[in-house]
Amino acid sequence: MKIAIVGPGGIGSTFAFQLSQAGHEVTVVARGKRLEQLQRDEAIVSAAGKRAAVRVSAALDTATAWDLVLVTVLAPQVDVVLPALAESAARTVMFMFNTFEPLGRLRDAVGSARFAFGFPAILATLEDGKLTSKIVTRGMVTPVTDAAWAKVFTDAGIPAVVHPDMESWLRTHAALVVPVMVATVMAHERKAGVSWTEAMGLARAMEEGLGLVRRLGNSITPEPMVILSRLPTPAVATLLWTLSRLPNFRKLGAAGPVEPRALIDAMDAAAPGQTPALLAIRP
């Protein structure tokens, strides 16, 4: 299949690597330093030295009838690429990133017949253009809205399942992950774990976020998240306090505060005046 991936950071590069290895024709759309790296290598290069050949472009070719355009930019960056996605002749446009906003705006922009959404169950980093990634292969694997693409991803080594309510899934995930992301940023900047007081503040923000998801009419999903949402606040604080002391956890904070900040802003916009604990941890 002809697949374009817009935003080949760690996640996009993982999809590009796996899909190329599976025999698909993959074009990555990048900019800046990442574009230069990809133009030089003409491949996604892993930290172990493995290569997966890709085509490289500075812009999405809107005339090409892509089987899939996979959009893996951060949510605050999507508006920049939305006009090209709307004009594109792609058969399917799948967005794949953290967001708390309703999905209707994106669906309307590209048309409901070709709209899809997913979330990557992948941990990935790029260092000097070299990819390190860990794909979740059991339990909570990558959820998507489209069964055909779930199979394509699974066959390419990224196990995926269909979830019937991605908006609830995404909002649940945002509520849970924002305090974790803030903890990683704090720990990375300090090269030390968060304090107990900070851990309690982060845990209260998680509790507030989950309450907001329910008030907005969404469900806490999938089932393991329901169990996690029922943990007492001190138990969540203990977990965050402990994780923030792990070197690999701190490393994730190198991504910086942009994403958790944007998610908190979106949550606050959805319920103005009802998110004091979340605003208190906003980096």
Side-chain angles (χ1 to χ4, degrees), residues 1-31 34-35 37-39 41-46 50-74 77-78 80-97 103 106-107 109-122 124 126 129 131 133-137 141-164 166 169-170:
M1 294 186 180
K2 292 176 71 69
I3 299 171
I5 297 178
V6 180
I11 298 301
S13 294
T14 301
F15 273 92
F17 187 94
Q18 296 294 132
L19 290 165
S20 174
Q21 292 281 72
H24 300 289
E25 182 184 305
V26 178
T27 297
V28 292
V29 180
R31 62 181 182 178
R34 184 60 175 147
L35 174 62
Q37 292 169 338
L38 290 163
Q39 287 174 328
D41 295 334
E42 296 183 334
I44 305 297
V45 182
S46 76
K50 294 182 179 179
R51 298 171 61 89
V54 296
R55 300 183 181 190
V56 184
S57 178
L60 179 69
D61 182 353
T62 58
T64 298
W66 306 101
D67 292 294
L68 173 69
V69 174
L70 182 62
V71 185
T72 57
V73 300
L74 296 178
Q77 301 168 332
V78 74
V80 175
V81 299
L82 212 51
L85 296 172
E87 294 173 12
S88 170
R91 297 183 176 91
T92 301
V93 178
M94 180 181 290
F95 299 89
M96 190 170 282
F97 48 73
L103 301 183
L106 299 177
R107 184 183 294 110
V110 301
S112 60
R114 59 187 189 142
F115 169 82
F117 210 105
F119 189 86
I122 296 169
L126 284 171
L131 174 68
S133 61
K134 179 175 178 55
I135 300 168
V136 177
T137 57
V141 298
T142 296
V144 296
T145 56
D146 187 289
W149 286 105
K151 184 178 187 309
V152 171
F153 295 157
T154 299
D155 290 345
I158 303 175
V161 295
V162 176
H163 195 285
M166 276 303 298
W169 195 103
L170 289 160

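The distance from atom CE of M96 to atom CH2 of W149, rounded to the nearest 0.5 Å, is 11.0 Å. Rounded to the nearest 0.5 angstrom, I158 CD1 and I135 CD1 are separated by 4.5 Å.
Partners of K50 according to the salt bridge (charged side-chain N to carboxylate O under 4.0 Å, His left out) rule, which considers only residues two or more places apart in sequence or in another chain, do not exist here. When the side chain to side chain donor-acceptor pair (under 3.5 Å) test is applied to K134, no partner is found at least two apart in sequence or on another chain. Remark: V80 pairs with no residue by the side chain to side chain contact (heavy atoms under 4.5 Å, CB included) rule, at least two apart or across chains. Checked against salt bridge (charged side-chain N to carboxylate O under 4.0 Å, His left out), D146 has no partners two or more places apart in sequence or in another chain. In this structure, the side chain to side chain contact (heavy atoms under 4.5 Å, CB included) partners of D155, at least two apart in sequence or on a different chain, are K151. For E25, the side chain to side chain contact (heavy atoms under 4.5 Å, CB included) partners at least two apart in sequence or on another chain are K2, R55. Applying the salt bridge (charged side-chain N to carboxylate O under 4.0 Å, His left out) rule to R31 yields no partners; only residues at least two apart in sequence or on another chain are considered. H163 pairs by the side chain to side chain donor-acceptor pair (under 3.5 Å) definition with T221, not counting sequence neighbours. With sequence neighbours excluded, no residue forms a salt bridge (charged side-chain N to carboxylate O under 4.0 Å, His left out) with D41. Taking the ring pair (Phe, Tyr, Trp, His ring centres under 6.0 Å) definition, one finds that F117 meets it with F97, sequence neighbours left out.
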Can V69 and L60 be said to form a side chain to side chain contact (heavy atoms under 4.5 Å, CB included), step by step? CA-CA 9 Å; V69 174; L60 179 69; 4.2 Å; yes
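Counting heavy-atom neighbours within 6.0 Å of Q39 CD, excluding the residue itself, gives a total above 12.
Side-chain atoms of T154 come within 3.5 Å of backbone atoms of A160 as a donor-acceptor pair (strictly under, hydrogens ignored). Distance alone, capped at 3.5 Å, is enough to place a donor-acceptor pair between the W66 side chain and the D61 backbone. No donor-acceptor pair under 3.5 Å is formed between the side chain of S57 and the backbone N or O of V29.
Between L170 and L103 there is a side-chain heavy-atom pair separated by less than 4.5 Å. Side-chain atoms of H24 and L68, non-hydrogen and from C-beta on, never get closer than 4.5 Å to each other. Side chains of L82 and F95 form a contact here, defined as non-hydrogen atoms less than 4.5 Å apart.
Summarising the geometry of A124 relative to L131, their closest heavy-atom pair is CB-CD1, 4.2 Å, with the distance given to 0.1 Å. Between L38 and A43, the closest heavy-atom pair is CD2-O, 3.7 Å. What you find for A150 and V162 is that their closest heavy atoms are CB-CG2, 4.3 Å.
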Under 3.5 Å, side-chain donor or acceptor atoms of residues 84-94 against the rest of the protein: list the pairs with distances, not counting sequence neighbours.
| from | atom 1 | to | atom 2 | distance (Å) |
| --- | --- | --- | --- | --- |
| S88 | OG | A90 | N | 3.0 |
| R91 | NH1 | A65 | O | 2.9 |
| R91 | NH1 | D67 | OD1 | 3.1 |

Under 3.5 Å, sequence neighbours excluded: what are the donor-acceptor pairs made by side chains of residues 5-22?
| from | atom 1 | to | atom 2 | distance (Å) |
| --- | --- | --- | --- | --- |
| S13 | OG | P8 | O | 2.8 |
| S13 | OG | G9 | O | 2.7 |
| S13 | OG | R34 | NH2 | 2.8 |
| T14 | OG1 | G10 | O | 2.7 |
| Q18 | NE2 | A156 | O | 2.7 |
| S20 | OG | A53 | O | 2.6 |

